[in-house]
Amino acid sequence: MMKYVLVTGGVISGIGKGIIASSVGTILKSCGLRVTAIKIDPYINIDAGTFSPYEHGEVFVLDDGGEVDLDLGNYERFLDIRLTRDNNLTTGKIYQSVINKERRGDYLGKTVQVVPHITDAIQEWVVKQAKVPVDDDDVEPQVCVIELGGTVGDIESMPFIEAFRQFQFKVKRENFCNIHVSLIPQPSATGEQKTKPTQNSVRELRGLGLSPDLIMCRCSSVLENPVKEKISMFCHVEPEQVICVHDVSSIYRVPLLLEDQGVVSYMSRRLNMPIESRPRKMLTKWKEMSDRSDRLLEHCSIALVGKYTKFSDSYASVIKALEHSALAISHKLEVKYIDSAYLEPSTLQEEPVKYHEAWQKLCSADGILVPGGFGVRGTEGKIHAINWARKQKKPFLGVCLGMQLAVCEFARNILGWKDANSTEFDPETKHPVVIDMPEHNPGQMGGTMRLGKRRTIFKSNNSVLRKLYGDAEYVDERHRHRFEVNPELKNYFEEKGFHFVGQDLEGERMEVIELDDHPYFVGVQYHPEFTSRPINPSPPYLGLLLAAAGKLQSYLQKGCRLSPRDTYSDRSGSSSPDSEISELKLPSISND
């Protein structure tokens with residue numbers, strides 16, 4: 001029987017349900033179980049594709065082109081699985097499917113209501129999606145972790161709570177458990193940990209018919225025993241069912257934190273799962289990773305030049321990809337967020353302090369990253385940053401829009417086309433170096449981009465990026481764009497040493513750029529950050545970090561292998577530095 005773990009949240013949203021759901025999945029997977037995950041978002045949007053990054057953070061893109069909530073990115077990274085668009089369920093999707101059925105006459109003259117029609121549709125969706133294989137071996141999962149977005153008590157999430165109240169009886173108690181994540185505030189005036197918000201939140205949840213099996217308490221410091229006992233007494237659970245999830249140095253520590261507090265043994269009893277209890281290799285890797293991230297001494301700074309820099313979740317996957325790469329080369333990452341609009345000359349007139357601060361950050365960084373984005377605001381600032389990276393020979397990576405703007409910058413300053421631009425920003429330009437794609441439907445915004453996994457073929461044997469990918473002939477990466485480099489102008493660039501080393505299957509879409517005579521000047525049309533993993537970092541980001549740390553040439557000369565201290569051991573013993581170095585294998589970082 002499929003086992004279902006529902007993760008709900010109380011008191012405030014953005015409490016860390018996504019990381020906790022991912023961590024629960026991780027420790028269950030490390031016990032040899034096959035785990036899948038579903039994220040439920042109670043908003044009425046069909047998907048996350050039309051959101052501003054300031055609403056819910058970045059839009060994560062899946063292999064099948066689904067534009068989904070960034071929590072699905074956490075699931076994919078933690079569990080190393082590949083999800084599909086139907087793993088993200090929204091109110092909009094459910095209502096759309098029920099209304100379509102009603103129009104077809106499937107309800108045969110019945111009054112269509114929230115209960116039972118909407119709630120039944122939710123349960124059917126969950127049961128069907130839980131069975132979809134998410135690993136490479138195409139085997140049906142055994143456990144499905146379901147995260148319900150928002151906060152218990154929200155009007156939006158009521159139909160979902162009711163659906164799961166019914167669901168727990170349909171699938172039987174031994175196949176369903178509920179984890180409730182709640183906040184334990186600690187007012188600075190008294191320094192006392194307060195349980196009342198959690199009591200109220202659990203009371204509300206129980207009033208709606210769901211009784212939590214585990215209460216995970218988010219707090220800034222370790223939960224004191226009397227506080228734990230108080231929660232246990234007022235929330236109708238045993239003390240062992242109250243789990244402390246305090247702030248930790250790295251999110252990789254969260255699975256270890258849950259494991260230490262007996263979450264696995266509790267769930268194996270509660271859900272009647274035959275779980276192996278020996279030390280688990282997968283968690284050993286997590287322990288090594290978190291120990292290593294705490295031990296790092298050397299620093300490496302990357303300037304992230306974007307337009308949504310006020311909210312770090314806008315670039316969640318980009319930051320994670322940089323962290324994975326920094327960890328792989330044993331450097332502590334420092335990200336310098338720069339609002340690209342502050343780099344523009346107009347800011348010098350209006351706010352000179354911000355202008356100089358932004359340039360000071362840019363000039364002092366070891367590498368420069370220009371991520372994707374939409375709209376004209378801040379694009380000139382990004383072009384200034386790219387120009388600086390090119391002239392000063394600073395390691396540079398441009399992703400999606402970042403790559404397109406690198407093409408614009410080169411056209412303006414080397415080819416002498418002063419008005420070169422993307423038709424997205426200047427439809428009348430005489431030198432349209434970036435143009436609309438033929439399949440873009442201008443009438444509709446949602447889901448009209450080139451989305452999902454597409455193949456890129458390397459056209460050159462001595463491309464740096466090709467070597468970083470383990471000398472692969474092609475790579476499959478995820479895309480999300482409406483505009484592309486104008487293929488008709490390709491030869492003008494190639495003559496000046498600006499090479500389009502990666503192209504699509506037909507050779508019409510320019511996917512990867514590299515510049516001659518530069519330590520690392522790479523642009524990619526796809527989003528490599530979406531497939532980066534903690535133990536297998538994304539090659540374009542790894543290249544940027546290696547170049548920024550001055551290690552790229554030696555890495556390439558060694559046949560793309562890291563030095564012994566930069567690799568993970570394959571053992572399950574201690575992870576002290578000495579034992580780690582003495583008994584190491586040297587995995588090559590590639591996508592083979």
Side-chain angles (χ1 to χ4, degrees), residues 1-2 4-10 13 17 21 36-51 55-56 59 62 64-69 71-72 83-132 144-173 175-178 180 204-211 441 443-448:
M1 280 294 289
M2 173 71 70
Y4 299 92
V5 180
L6 174 68
V7 179
T8 54
S13 60
K17 294 188 297 294
T36 184
I38 293 175
K39 170 77 196 284
I40 295 175
D41 283 303
Y43 45 67
I44 296 174
N45 303 56
I46 301 292
D47 62 24
T50 53
F51 282 143
E55 290 285 316
H56 295 269
V59 177
L62 302 171
D64 66 354
E67 296 173 285
V68 295
D69 186 84
D71 274 324
L72 276 86
L83 300 171
T84 65
R85 67 179 74 220
D86 286 344
N87 286 81
N88 191 194
L89 178 52
T90 68
T91 300
K93 280 183 185 173
I94 284 292
Y95 273 83
Q96 192 178 47
S97 73
V98 170
I99 288 167
N100 289 343
K101 276 185 180 176
E102 186 273 332
R103 292 289 86 185
R104 284 200 308 268
D106 291 7
Y107 297 117
L108 292 173
K110 291 256 182 13
T111 307
V112 181
Q113 294 173 291
V114 173
V115 181
H117 300 101
I118 296 291
T119 52
D120 283 354
I122 293 165
Q123 294 170 61
E124 284 159 20
W125 190 299
V126 167
V127 169
K128 183 169 143 247
Q129 198 53 36
K131 292 178 180 161
V132 175
C144 178
V145 179
I146 306 153
E147 180 194 343
L148 177 56
T151 312
V152 168
D154 292 348
I155 292 174
E156 287 95 346
S157 58
M158 284 301 181
F160 294 101
I161 299 266
E162 172 56 25
F164 287 110
R165 185 193 67 74
Q166 299 168 20
F167 190 66
Q168 64 187 337
F169 300 113
K170 272 190 193 165
V171 297
K172 302 288 182 287
R173 179 178 155 76
N175 298 316
F176 179 88
C177 87
N178 173 213
H180 188 61
E204 180 145 25
L205 184 64
R206 296 187 67 216
L208 296 168
L210 283 173
S211 205
N441 169 5
Q444 207 154 348
M445 288 297 275
T448 56

Thr111 OG1 to His117 NE2 distance, which is reported to the nearest 0.5 Å: 8.0 Å
Trace of the side chain to side chain contact (heavy atoms under 4.5 Å, CB included) decision for Phe160 with Thr91: CA-CA 9 Å; Phe160 294 101; Thr91 300; 3.3 Å; yes
Gap separating the CG atom of Leu108 from the NZ atom of Lys110, nearest 0.5 angstrom: 7.0 Å
CZ-OH distance between Phe167 and Tyr4, expressed to the nearest 0.5 angstrom: 4.0 Å
Gap between atom OG1 of Thr8 and atom CD1 of Ile161 - 0.5 Å precision: 6.0 Å
Between Asn87 and Thr84: side-chain donor-acceptor atoms closer than 3.5 Å: yes
Other residues, nucleotides, ligands: >12 heavy atoms within 6.0 Å of Arg165 CZ: yes
Asp120 backbone acceptor or donor facing Trp125 side chain under 3.5 Å: no
Closest non-hydrogen atom pair, Pro42 against Gly149: CG-O, 3.5 Å
Any donor-acceptor pair under 3.5 Å from Asp154 side chain to Thr151 backbone: yes
Gap between atom CD of Glu102 and atom OG of Ser97 - 0.5 Å precision: 12.0 Å
Exam field: side chain Asn175 to backbone Val171, donor-acceptor pair closer than 3.5 Å: yes
Short side-chain to backbone donor-acceptor contact, Asp41 and Tyr43, under 3.5 Å: no
Validation row: Glu147, Val145 side chains within 4.5 angstrom (heavy atoms): no
Audit row: Ile94, Leu89, side chain to side chain contact (heavy atoms under 4.5 Å, CB included) steps and yes/no: CA-CA 7 Å; Ile94 284 292; Leu89 178 52; 3.4 Å; yes
Step-by-step side chain to side chain donor-acceptor pair (under 3.5 Å) determination, Asn88 to Asp47: CA-CA 8 Å; Asn88 191 194; Asp47 62 24; over 6 Å; no
Leu6, Leu205, Leu210 screened by side chain to side chain contact (heavy atoms under 4.5 Å, CB included) with His180, the one that passes: Leu205
Centroid-centroid distance, Phe169 to Phe164, less than 6.0 Å: no
Flag side-chain contact, heavy atom, 4.5 Å: Ile118 against Gln113: no
Backbone N/O of Asp64 and side chain of Arg85: donor-acceptor pair under 3.5 Å: yes
Side chains of Leu148 and Val7 in contact at under 4.5 Å (non-hydrogen atoms): no
Backbone N/O of Asn45 and side chain of Thr90: donor-acceptor pair under 3.5 Å: yes
Cationic N near anionic O, under 4.0 Å, Glu124 to Lys131: no
Intermediate values then yes/no, side chain to side chain contact (heavy atoms under 4.5 Å, CB included), Val5 and Ile146: CA-CA 6 Å; Val5 180; Ile146 306 153; over 6 Å; no
Criterion side chain to side chain contact (heavy atoms under 4.5 Å, CB included) on Cys144 and Ile38, from CA distance to verdict: CA-CA 7 Å; Cys144 178; Ile38 293 175; 3.7 Å; yes
N/O donor-acceptor pair under 3.5 Å between Gln168 side chain and Gly209 backbone: yes
Beyond-backbone contact of Glu162 with Leu208, side-chain heavy atoms, under 4.5 angstrom: no
N/O donor-acceptor pair under 3.5 Å between Thr119 side chain and Pro159 backbone: no
Arg103 atom CZ, over 12 foreign heavy atoms within 6.0 Å: no
Under 3.5 Å donor-acceptor, Thr36 side chain and Ala130 backbone: no
